[in-house]
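Structure record follows, encoded as structure tokens.
Position 1 is the first residue of the sequence; numbering continues from there. We count ligands from 1, going down the list as the structure has it; atoms in each ligand are counted the same way.
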Amino acid sequence: MAKSKKRYVCQACGSVSHRWQGQCPDCAEWNTLVEDAPATVFSQKHDLSSGGRAIAFEPLDAPGEALQRRTTGLAELDRALGGGLVPGSAILMGGDPGIGKSTLLLQAAAKIAGAGGDTVYVSGEEAAGQVRLRASRLGLADAPIRLAAATSVRDILTTLGGMEPPALLVIDSIQTMHSDTIEGAPGTVSQVRGCAFELIRYAKENGVALVLVGHVTKDGNIAGPRVLEHMVDVVMSFEGERSHQYRILRSLKNRFGPVDEIGVFAMAGQGLEEVSNPSMLFLSGRDEPLAGSAVFPALEGTRPVLVEVQALIVRLQSGATPRRAVVGWDTGRLAMLLAVLEARCGLNFSSAEVYLNVAGGYRLTDPAADLAVAAALVSALADRPLPPKSVWFGEVSLAGEVRPVAHSSLRLRESAKLGFDAGYGPNGKDGGGDSAGLNYRGVTQLANLVDRVMAAT
Ligand code: TYD
Ligand code: MG
């Protein structure tokens with residue numbers, strides 16, 4: 001009989017090696033390799049190329065059911081999910097401890113239960129009393145949720161098998177689940193993978209929308225094996241500064257929708273509130289456009305925030321050296337942009353004081369701010385407001401070209417969400433690939449922008 005091959009799985013990253021080593025060759029963690037169950041004797045003894053049943057192939061256009069989505073009752077959650085929960089789908093929700101995962105899911109479960117959907121909330125982390133306490137604090141104590149504190153997947157699936165499948169099943173969290181068919185403590189790679197596999201199979205067979213809460217490691221990745229992210233249909237990440245109110249729900253993978261939609265919430269005393277206008281914090285909110293003001297759709301990590309860039313230009317009569325003062329942006333970058341405007345666009349700033357301010361105390365580090373700053377400067381110089389409800393982004397090169405920047409469609413989407421209707425940015429596929437309903441105009445050369453602003457009335 002062939003010698004069965006041992007395999008060792010890293011408990012930190014899930015990589016497989018065929019011999020034990022002190023350090024994982026993939027993630028360089030120490031003492032994380034653990035022997036995994038060997039491949040079955042059957043599979044080693046038998047050739048798998050015969051003896052199976054024939055499978056039927058289907059054409060791609062075979063008639064099937066249209067995707068039915070169930071709204072969660074929280075518009076921001078629906079938006080991040082790409083339109084709502086898909087029955088039979090598995091969602092992994094990751095996030096720092098205390099960010100509000102349990103709160104969000106309890107609120108969503110209560111909304112669904114209130115709308116007549118059967119929901120099951122299994123907490124492996126908190127006792128039922130703690131969840132009840134939170135529910136009463138959230139004012140949801142009367143929501144018809146089936147609540148249980150359990151960690152055994154066998155118990156959970158046995159119970160669920162004996163009842164009508166619920167519309168939503170929340171498992172909080174997958175790291176606390178335990179399967180007695182697999183060796184190891186809860187939270188180890190094989191346990192997490194095995195438990196997730198069983199729960200996902202139940203969800204797919206019964207058309208249940210399954211939400212697995214996942215822990216994250218200190219560098220922000222979802223803890224446990226990467227394979228968990230492959231197994232589920234949707235990976236969501238709940239982010240934010242715990243000291244701040246705002247929380248962003250982002251989807252990192254979505255088999256049923258786009259991944260650049262975000263949901264924004266604020267943590268209040270009564271749980272999470274939906275925020276439909278988060279980026280307005282950095283906008284002045286006035287309707288009348290002013291000369292010297294341009295709106296820039298910035299990216300905070302991968303989260304879009306709209307900020308207002310203000311420029312003021314004062315002509316000096318005397319021959320004194322004009323001042324350049326910047327708040328919230330890089331002074332060197334402003335000097336470069338002024339030089340490009342002078343050299344490539346024929347504008348003259350040499351006898352003018354230039355003041356630049358980013359509203360709301362925000363600090364811009366995104367190179368895509370160049371075009372917005374340039375637009376604000378030109379608008380201030382010409383004393384003409386930019387087109388109303390417009391956003392500007394793009395990197396400006398020394399040659400005066402507007403270069404493509406990352407995540408154009410994310411910026412445009414966020415701008416459209418906040419009611420802007422015109423976007424100016426880099427030309428080409430990258431820039432206008434998906435303009436999210438905005439009137440998008442590509443700008444190839446900084447000189448085009450100058451002509452446009454100067455010609456505007
Ligand atoms: P929780 O949902 O338990 O976080 P997670 O499940 O992601 O670990 O949220 C806990 C935090 O949220 C806690 O630190 C307090 C805060 N919170 C509020 O500010 N208001 C509330 O109504 C609730 C329920 C929690
Ligand atoms: Mg929790």
To the nearest 0.5 Å, what is the distance between CD (Gln130) and OG (Ser102)? 10.0 Å
Taking only heavy atoms of Pro97 into account, list the atoms of ligand 1 that are under 4.0 Å away from them. 8 (O)
Heteroatom proximity flag, Asp172 to ligand 1, N/O under 3.5 Å: no
Supply the atom-to-atom distance Trp392 CH2 to Leu371 CG, rounded to the nearest 0.5 angstrom. 6.5 Å
Do Leu199 and Leu157 have side chains that get closer than 4.5 Å, going by heavy atoms? yes
For Ser102, which part has a heavy atom under 4.0 Å from ligand 1: side chain, backbone, both, or neither? both
Please state which part of Gln270 comes within less than 4.0 Å of ligand 1, counting heavy atoms only: side chain, backbone, both or neither. backbone
Counting non-hydrogen protein atoms only, what is the nearest one to atom 3 (O) of ligand 1? Give residue, atom name and distance. Arg134 NH2, 2.6 Å
Salt-bridged, Asp366 to Arg411, with N to O below 4.0 Å? yes
Here's a test for you: under side chain to side chain contact (heavy atoms under 4.5 Å, CB included), which of Val373, Val309, Asn357 qualifies with Trp329? Val373
One finds that the ligand 1 atoms under 4.0 Å from a non-hydrogen atom of Ala268 are 18 (C), 19 (O), 20 (N), 21 (C), 22 (O)
Sequence-distant partners of Thr159, side chain to side chain donor-acceptor pair (under 3.5 Å), two or more places apart: none
Less than 4.0 Å between a side-chain N and a carboxylate O, is that true for Glu76 and Lys417? yes
What protein heavy atom sits nearest atom 15 (C) of ligand 1, and how far off is it? Arg137 NH2, 4.8 Å
Ion pair Lys204/Asp233, N-O distance below 4.0 Å: yes
Determine how many protein N/O/S atoms sit closer than 2.8 Å to the Mg ion (ligand 2), leaving waters out since they are not shown. 1
Check this for me: Gln68, atom CD, are more than 12 non-hydrogen atoms of other residues, nucleotides or ligands nearer than 6.0 Å? no
Among all protein heavy atoms, pick the one closest to atom 2 (O) of ligand 1 and tell me residue, atom and distance. Thr103 OG1, 2.5 Å
Give the residue and atom name of whichever protein heavy atom lies nearest to atom 22 (O) of ligand 1, and the separation in Å to one decimal. Gly271 N, 2.8 Å
Atom 14 (O) of ligand 1: closest protein heavy atom, distance to 0.1 Å, is Gly98 O, 4.1 Å
Once you restrict to heavy atoms under 4.0 Å, what part of Leu104 touches ligand 1? Side chain, backbone, both or neither. neither
Test side chain to side chain donor-acceptor pair (under 3.5 Å) applied to Ser237 and Glu239, step by step: CA-CA 6 Å; Ser237 146; Glu239 304 166 358; 2.9 Å; yes
Check ligand 1 against Leu138 and write out every atom of the ligand that is under 4.0 Å from a heavy-atom position of the residue. 22 (O), 24 (C)
Charged N-O contact under 4.0 Å between Asp421 and Lys389: no
Below 4.0 Å, non-hydrogen atoms only: which portion of Met267 touches ligand 1? Side chain, backbone, both or neither. side chain
Scan side-chain atoms only and decide if Ser293 and Gln310 contain a donor-acceptor pair under the 3.5 Å cut-off. no
Closest approach of any protein heavy atom to atom 4 (O) of ligand 1, naming residue and atom: Gly100 N, 3.1 Å
Is the number of heavy atoms from other residues, nucleotides or ligands within 6.0 Å of OH (Tyr8) greater than 12? yes
Can you name the atoms of ligand 1, numbered from 1 with element, that are less than 4.0 Å from a heavy atom of Gly269? 20 (N), 21 (C), 22 (O)
